[in-house]
Amino acid sequence: MTPSAGRSSGPSSGPSTGPSTGPSTESDHEKAAATVIERVAAARPGKPVPRIAIVLGSGLGPLADQITDPVAIGYDELAGFPTPGVAGHSGKVIVGDLGAVSVLCFQGRVHAYEGRPDAMAVPIRCARAVGCDTLYLTCAAGSLRQDLAPGSLMTITDHINMSGSNPLVGPNDDDVGPRFPPMENAYDPDLIALQVAAAVSDNLSLAAGVYIQVLGPMFETPAEVRMLGRLGGDAVGMSTVPEVIIARHCGLRVTATAMITNLGVGLSATPVTHDQTLAGATEGGERLGRLIRGVVAGL
Ligand code: HPA
């Protein structure tokens, strides 16, 4: 892998070969990166390539509307990219400006419960190959604490992988990252501090806590929610952790914010549904957008 941080967009560094149908390979992310670089160079001549990639979670896709001078590339135009299949996830790479900063946004993700825990490996490694050094993940999550109310924003300080799966299972590509990547400080402490500072300066309330990933796709039972809280989780969701693992494996710095859309099953009388998740994310999307802008401006 040949990351190109700091490079200006220029002519294509390789041809677009179109999407592949086979399993993810290293060459897929290199081909996808070449396509992104070519399209961005043509549409945004002279602008710097993005250093920051952002993944927009369930219901948070409209945040991409805040990006100016955008270039949108469908996942179906990029080698090895997955096809999102869940309402609220549309499947586009958007490169543009958030404030004064160039960003690469993934509008739409594929979850482990769709059958491929490594579905986001090619997109994230592509972002690295395009020149990004930082990945900002967002997600919707259920609260495991009565005092962490729906509508809260939570910076993720650590995670517990309870999904029973891992995106790095299988042969390791040593050119991408090590066989046994460390997960200490997976959520970059400086970037957590930056989230806190951005929240304070924009008068946003920001909680901090541990995210537990479950496989899904069903929501938890009340007993499971009680167990996850006792295990040390503050919030539960079905995403993010595979992407953090993939990103740390290939050397990206990571930060993440969860939008708390509901109290975990059994912690309130309101039934938990995906529609509620989307509505909660939409409601909080404006605040999360402000937080992301503040963080990106401080990077
Ligand atoms: N559980 C799992 N995933 C979620 C939840 C939840 O309560 N809310 C949003 N994503």
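For ligands, and for the atoms within them, numbers begin at 1 and follow the listed sequence. When a residue number appears, it is its place in the shown sequence, counting from 1.
- Here Asn262 has side-chain heavy atoms under 4.0 Å from ligand 1, and that is the only part of it that gets that close.
- For ligand 1, the atoms sitting less than 4.0 Å from at least one non-hydrogen atom of Glu220 are 1 (N), 2 (C), 6 (C), 7 (O), numbered in the order shown with element in parentheses.
- Given atom 4 (C) of ligand 1, the protein heavy atom at minimum distance is Val236 O, 3.7 Å.
- Nearest protein heavy-atom neighbour of atom 10 (N) of ligand 1: Ala140 O, 3.6 Å.
- A salt bridge links Glu77 with Arg39: the closest approach of a Lys/Arg side-chain nitrogen to an acidic carboxylate oxygen falls below 4.0 angstrom.
- Atom 3 (N) of ligand 1 has its nearest heavy-atom neighbour, among Gly237, Ala141, Gly142, in Gly237.
- For the pair Asp202 and Arg293, the salt-bridge criterion is not met [side-chain N within less than 4.0 Å of a carboxylate O].
- Close approach of ligand 1 to Thr261 is summarised as follows: ligand atoms under 4.0 Å from at least one heavy atom of the residue are 8 (N), 9 (C).
- Classification of the Phe106-Phe81 ring pair by plane angle, with boundaries at 30° and 60°, yields tilted.
- In this structure, Asp69 pairs ionically with Lys47, as a charged nitrogen and a carboxylate oxygen lie closer than 4.0 Å.
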| query | Given His159 and Tyr187, is the ring pair (Phe, Tyr, Trp, His ring centres under 6.0 Å) satisfied, shown in steps? | reply | CA-CA 9 Å; His159 74 226; Tyr187 300 81; 5.7 Å; yes
